[in-house]
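Take a look at the structure below.
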Amino acid sequence: MDVPLYLRPRVDPPLASLLGAAPFLHSLVDALGSPLNVLLPETIAENAERFRAVYRRHHLTGRVYFAHKANRSSALLRRLAAEDPAHVGVDVASPAELRHALGCGFTGDRIMATGPKDPEFLWLAARVGATVNLDSLRELDQLAELVRTYGLGRADVLVRLSGFESVDGHGGAGTRLLSRRSRFGTPVREVETVLSAVERHADAVTLTGLAYHLDTTGLAEKGRALERCVLLMDECRARGLAPRAIDIGGGFGVGYVADAEEWERWTTALSEAVLGGRPPLTWRGHGYGLRNEGGTVRGSVALYPGHRPHAGPGYLDELLSLPAPVLGRAPGTLLLEHLHDLHIEPGRALADQCGLSLARVLDVRPTGEGPDQYLVRLGMNAGDVSLEEHGVLVDPVLLPRGGPEDGGQGPVGVHLVGNLCLEADLITRRLVFLPALPRAGDLLAFVNTAGYAMDFHAHRAQRQPLARTVAVVGEGDSWRWCMDEDYWPITHPGGKPV
Amino acid sequence: MRYDSITEAIGNTPLVRIDPAVHGLRNIDLYAKLEMLNPFGSVKDRPAWHMARPHLEGAGAGEGTVVELSSGNTAKALALLAGMHGLRFKSVTNRMRVPEIKELLLLLGAEIEELPGRSECLDPTDTDDPLTHFHQALSEPGSTYLHTDQYFNPRNVEAHAAGTGPEIVKDLDGRAPDWFVACVGTAGSSTGVARVLREHDPDVRVLGLVAHKSDFIPGIRTIDEVHQVGLFDPATYDTIESVTSGEALDGMLTLVRRCGILSGPTGGAAYQGAVRHLRDADSALDGSGRRETAVFIVCDRAESYLSYVRARRPELLGRAVRGHTLASLTEDDVRAEALSVGVEAARRRIAEGDPGPLVVDLRSPHAYAALHIEGSVNIVDELFEELVRGGLPFGKRTPVLLACPVGEKSLRYAALLTRMGHPEVRSLAGGIVAWRDAGAPLVRE
């Protein structure tokens, strides 16, 4: 066997010390079953503070909104609700999320309603004084109508824009920055129409800002959109509107893999395997989007960039510091000089290091293909940790029952399969290397699943148990835990006041 | 030398020996093939002309657009060639990371389409792959695109098999060198030259250089990226090694400062990679009485890469500090020497002062135009810094109130002007933000 191709996870404290408490985690799974989700609500507050530090560095005001859809937990939401209302809010994308946010202690003025909205969602958002991030002109008309019909207070709205690439279309020489098409928001070329509608509905809505969300890791595209919004804010002011905020959405990213070299070695090996130059790294030689055409690799790799030099707050800092294409100054400076608030909506990045998903090892057997390869069946399925769905490649951490064994066995390659009676139910298609062969009864901990990967795609197919979720809080050398729905930031788990 | 067209000046580039005192190899003669001396400035002039020629010479005037996936030298050559033949040129790329090259392309009249970044939220159903769109557009019926397709076009290789390779053999008096060293971009030059050299001498050893995976060297691909190149065949190379941008810059500096060869970083990478690799072979030749020769390619020139150098080795381009600058002030100096004034007091001074202060807004003109304190003048900070280098920009009897967004930058300038002898300079505490938050009026014009 080659050198094992590890992709070991980045584990920061306090998650690292939680992983060190294997007996505690085993006792949780013994009591609550496999799979089990564990959340660290303190960490999400620390992450919000890291984003705030970037705001301070650039002297910017505005809110960090947690994109609720990244995780359905109550504990995370309640912990954020306890933060400074001027600094932290929540972004909800459904009526249920809105009700949940209210129930967790967010007042309406700290809530932003995004995504496509039906009348019930619009009415409740306006009723509680949430800011409505308008997806379309039709939504604006609908909202204004509801405000008038039901005698609600004027609703704060942001206009979400898209299609930034088409704005500087040109006939001859020039640069055009292509962007992936989005189905959300109003194309920038139609901004005139929306602003006219905002003016027409002035009795029912107040424009508080402009918004965009681009699904890209490209800083240049985002920088261009941000600058374009600064220019448009000026047009709004010239029309007598008084917007204050630019909402730049999320997409700041998370680094899942600790070591850049491991990531690079693995992705290089993937190309080589696709070309047939080495044994497959995946179940049945899956290429993650790459294919071999006559000895040349074609296609693009459909994987989340596992190791990234700049993620989360670092990415935001970089975005705010890059010179903008038209006005020349950095976006951070532009926002500050124009007196605009900055709103952001990180989902994944705010939930970084906030949780892990635990699964019991049920069965271990040889694949029958290679002498050193095994199938490891887990008490969990691909829906419980949607690593494949999101292209996240990272090794689980092995937590042996009763501590490490005699050792001496060395690294071993395993395929992780789920508990569904489906050939396709693989926890990951990758051949995973573990430091030792696990045994039935051991736990595998999937780290950093709180953002989108925890129970985003969990389902009741085949009546397998859905993961329960607990919140844990470190206390000296030990941990306290409670069910997610029982967590409140003002009391220790168990009810004792903090 | 008299030519009817600039295209006749492509090729026949010099082969120049590198002084052994510079590279330190005792038994190997190292030669640089100066492809930078092609008329459009790079090794890519050859394949660009060879690939485009059949299309261009047949094309009617002003019909269609030449397109290529290129971030640099191929685009440059094709843009010039297209322009000569009355055609347009479009470059599609997501690798246009060197601003000078981009601006040069715009100057040549090229259109640039930059591909989007990677998706942050993975969408497995995504069919919106821009490259797919690109190829669909090319194959639409009635399309007037001429795609030179440098990564797959055999004429890319042929240009070197017919030109670069034979020129090297001719200049070495009919012999192939023992070593050939090339950076791998499209793999065109390495494949074409290697083919010709091996026809002369099957024992030629070919060293291919790729960029270190997480690094960026213009014009060189990383080990993963070369597998995506249709012309790349691992069998061409006896060895493939990676070089870092640091090594590329080291090599470039040696060529520029000690050899009089105005090479860009790719040539630097080829030189540094060659010397690194040949050191062992050189030792092995000690005492054998044999001499060997090695050839590497200097593919383009230094001028286009100043920002690349500035980003990685700013000290190489450092300018001496002159005059009064903010950099000369410590935090303690600022605290000790700067005076600030709150919004209320500032408003009183503006209304009642005799004379009232000259309010200087240090923000960008666009921000100033959007909203500013009535009667203020706008001198953007970058300009202001240049101004005060030469001396005080206003008389000492004019009181001055400096304003920036939050009162931080203006405080530093207030300290500097005070140090320069102005008796009455204040910084607006909390800046325009505090002014706005206090409900004081801001106007737009």
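Values below: all heavy atoms of this structure, side chains included; hydrogens, waters and symmetry mates excluded. Every chain is numbered from 1 and lettered A, B, ... according to where its sequence line falls, protein lines coming before strand lines.
B:P405 is not listed as a side-chain neighbour of A:H59, based on a closest heavy-atom distance of 4.5 Å or more. Residues B:F152 and A:T296 are in side-chain contact: their nearest non-hydrogen atoms beyond the backbone lie under 4.5 Å apart. Considering only heavy atoms from C-beta on, A:R244 comes within 4.5 Å of B:R436 through its side chain.
Taking OG1 from A:T333 and NZ from B:K409, the interatomic distance works out to 5.5 Å, rounded to the nearest 0.5 Å.
Ranked by heavy-atom pairs under 4.5 Å with chain A, the first of B:A369, B:C404, B:S364 is B:S364. By number of non-hydrogen pairs under 4.5 angstrom with chain B, the leading residue of A:D234, A:T267, A:L334, A:T61 is A:D234. Of the listed residues (A:G299, A:G251, A:G218), the one with the most heavy-atom contacts under 4.5 Å to chain B is A:G251. Counting heavy-atom pairs closer than 4.5 Å to chain A, the top-ranked of the candidates B:S91, B:P234, B:A367 is B:A367. Each of B:E113, B:H227, B:H366 has some count of heavy-atom pairs under 4.5 Å with chain A, and the biggest count is that of B:H366. Between chain A and the residues B:L442, B:D381, B:L107, the most heavy-atom pairs under 4.5 angstrom are made by B:D381. In terms of non-hydrogen atom pairs under 4.5 Å with chain A, the most contact-rich of B:K102, B:E382, B:Q228 is B:Q228.
No more than 12 heavy atoms of other residues, nucleotides or ligands lie within 6.0 Å of OH in B:Y145, so this atom counts as exposed by the packing criterion. Surrounding NE2 of B:H212 are at most 12 heavy atoms belonging to other residues, nucleotides or ligands under 6.0 Å away. Within 6.0 Å of atom CD in B:E100, more than 12 heavy atoms from other residues, nucleotides or ligands are found, so the atom counts as buried in its surroundings.
With sequence neighbours excluded, no residue forms a salt bridge (Lys or Arg N to Asp or Glu O under 4.0 Å) with A:R237.
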